[in-house]
Amino acid sequence: MASDELRSTVEHVGDRFNLGEYEIDAYLTVLGQGQLTASEISDRTDIPQPRVYDTVRSLSDRGLVELRESRPMKVVAIDPGDAFDDVQDSLEQMIDELEARYTAPARDTEAVSLVKSRSTILRYLEEIIDAAEYELSLSLTPDLLMRFEEELQAAVDDGVSVDLVVTPASDAPAPAEFDYLAVATSARARRGITTPVIAVADGNYSIYATQDALRDDQDRYGVIFNRSALGFLVSGFFGTVLWTTAEETLGEDESARSYPRRYASIRRCVKDLLDEGGEFYATIDGRDVEIGGSRVVRGKVREVSFEVSEEVANLTLESEDGEEITVGGRVAALEDVEAHEIHIGRHEPPTIEE
């Protein structure tokens, strides 16, 4: 397809789909009912009565509905297959041509970036979910939970530990109606609409966005942390603020864990150790709290500390030479080592690539 033809096709498709909020609401409402009067559309939507006629005439001009002049006027849905038949072939050709010209952006070099497009935020959410190798922390609305249900099921099937907060709690599906353990290791509901949308993969790839940012008519943004040193802020916020105040339990996988196992969150690690019981060994890849340099420590887990509030968690190792080493999470101050990646085994400290 030549450049001029591609531009013409994009403009054609854009003109057809250039629907405002009222037009979308009216179209979906009529589509679901088959036929409605203007008054019935107003009653079923938030469209003011004076705006209904302009709205449905706009839909009629685009060939999406038929107006039958009667008293009262009837708005009749047109089969979407017929309504969009003239753009379907053009759209497929346009997508093929655009994909041929697309060059994937090099995101690895951008440690922190701001995004404002709803579609971009959704794309990053999916990418982060897919990127998780062993641990995933999520705060999602019920709509987003349904949108990414298959991706989350695949993550759980692959052995990824998933902590899920669903918000607002009033809209979360009841456990009797939705299988939370198919998409999460542990799931909770949090009250209110102020909870942000968050995804953290393996503690180092994350996104933070307000719920408003996922509404097209809001001037909001999302922040992406791709292996940035600041990414722990999102993980820490999730663990200490959101998770601890999500009071309703939707699902909890109580089956035994398999080892060796990796963790990014010391809270999740310590909780599992307490739940499982018995003897454990650990290899910690992290940073020396006093000196600041990288440090890897290995040993037998001698003690774990976990406050009921879940805001504080740490563990103590005994190294091969008998030294006791305390390990905390990100931004640890009281412990000897700040853990970035925690490897737990049953019989010996797991081997990692240094």
Side-chain angles (χ1 to χ4, degrees), residues 107 110-132 135-149 151-152 155 160-173 178 180 183-251 264-268 309-313 329-331:
R107 292 178 182 158
E110 299 177 1
V112 181
S113 55
L114 296 179
V115 293
K116 294 184 67 174
S117 163
R118 177 178 182 272
S119 61
T120 302
I121 293 173
L122 291 174
R123 186 170 68 249
Y124 269 106
L125 278 171
E126 181 176 4
E127 186 175 296
I128 291 170
I129 292 172
D130 290 343
E135 191 171 286
L136 185 60
S137 300
L138 293 164
S139 171
L140 301 176
T141 63
D143 286 344
L144 290 176
L145 173 61
M146 299 305 172
R147 183 186 183 98
F148 296 116
E149 182 178 359
E151 289 82 356
L152 292 174
V160 177
S161 178
V162 181
D163 283 346
L164 170 68
V165 169
V166 182
T167 182
S170 58
D171 294 337
F178 184 82
Y180 283 99
V183 298
T185 309
S186 183
R188 297 181 180 182
R190 190 173 191 266
R191 178 178 177 270
I193 62 171
T194 58
T195 306
V197 172
I198 283 177
V200 185
D202 303 333
N204 60 22
Y205 189 12
S206 59
I207 183 171
Y208 177 105
T210 63
Q211 291 188 36
D212 287 342
L214 291 164
R215 302 188 182 102
D216 288 329
D217 59 339
Q218 298 290 331
D219 186 20
R220 299 292 187 268
Y221 60 87
V223 186
I224 312 296
F225 297 94
N226 188 359
R227 294 170 179 79
S228 163
L230 297 176
F232 75 88
L233 294 173
V234 182
S235 180
F237 178 80
F238 177 88
T240 60
V241 178
L242 299 190
W243 190 255
T244 58
T245 56
E247 298 178 345
E248 180 184 351
T249 298
L250 300 173
S265 164
I266 195 166
R267 174 188 58 80
R268 162 57 70 180
S309 65
E310 301 191 23
E311 294 180 5
V312 176
R330 295 282 189 164
V331 205

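Since the model is a prediction, treat every value here as computed from it, not as a measurement.
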For this session: Using the test ring-ring contact (aromatic ring centres under 6.0 Å, His included), find all partners of F148 that sit at least two apart in sequence or belong to another chain.
Result: none
Exercise. How would you list, by chain and number, every residue that makes a side chain to side chain donor-acceptor pair (under 3.5 Å) with T167, sequence neighbours excluded?
Worked result: T195
Exercise. Does S113 reach the side chain of N226, with side-chain heavy atoms less than 4.5 Å apart?
Worked result: no
For this session: Grab the two heavy atoms, one from A172 and one from A189, that are nearest each other, plus how far apart they are.
Result: CB-CB, 4.5 Å
Problem set entry | Residues in side chain to side chain donor-acceptor pair (under 3.5 Å) contact with T249, at least two apart in sequence or another chain | none
For this session: State, yes or no, whether a side-chain contact exists between F178 and L250 at a heavy-atom distance under 4.5 Å.
Result: no
For this session: Using the test side-chain contact (heavy atoms from CB on, under 4.5 Å), find all partners of S206 that sit at least two apart in sequence or belong to another chain.
Result: V200, F225, V234
Exercise. Out of curiosity, I266 CD1 to S235 OG, how far, rounded to the nearest 0.5 Å?
Worked result: 11.5 Å
Problem set entry | Value rounded to 0.5 Å, distance of CG in L242 from OG1 in T244 | 8.0 Å
Exercise. Do Y180 side-chain atoms and P173 backbone N/O form a donor-acceptor pair below 3.5 Å?
Worked result: yes
For this session: Would you name the heavy atoms of W243 and R267 that are closest together and state the gap between them?
Result: NE1-NH1, 3.3 Å
Problem set entry | Positive for side-chain contact (heavy atoms from CB on, under 4.5 Å) with L138, one of V165, D163, L152 | L152
For this session: Compare every heavy atom of E248 with every heavy atom of A169, then report the nearest pair and how far apart it is.
Result: CB-OE1, 4.1 Å
Exercise. Who pairs with S161 by side-chain contact (heavy atoms from CB on, under 4.5 Å), at least two apart in sequence or on another chain?
Worked result: T185, R261, R268
For this session: Under the side-chain contact (heavy atoms from CB on, under 4.5 Å) rule, what do V197 and I207 come out as? Steps first, then yes or no, please.
Result: CA-CA 8 Å; V197 172; I207 183 171; 5.8 Å; no
Problem set entry | Contact check, side chains of F238 and Y208, non-hydrogen atoms, under 4.5 Å | no
Problem set entry | Partners meeting side-chain contact (heavy atoms from CB on, under 4.5 Å) with A132 (sequence neighbours left out) | L136, V160, A201, D202
Seminar exercise, completed: The reported gap from CG in L140 to CD in Q211 (rounded to nearest 0.5 angstrom) is 10.0 Å
Problem set entry | Under the side-chain contact (heavy atoms from CB on, under 4.5 Å) test, residues paired with D171 that sit two or more places apart | P142, P168
For this session: Starting at CG of L125, measure out to CD of E151 and round the result to the nearest 0.5 Å.
Result: 10.5 Å
For this session: Could you tell me whether the side chain of R191 reaches within less than 4.5 Å of the side chain of E247, counting heavy atoms only?
Result: no
Exercise. Within the side chain of E135, is there an N or O that forms a donor-acceptor pair under 3.5 Å with the backbone of S265?
Worked result: yes
For this session: Give, for atom CG of N204 and atom CZ of R330, the distance between the pair rounded to the nearest 0.5 Å.
Result: 7.5 Å
Problem set entry | side chain to side chain donor-acceptor pair (under 3.5 Å) involving S186 - partner list, sequence neighbours excluded | E252
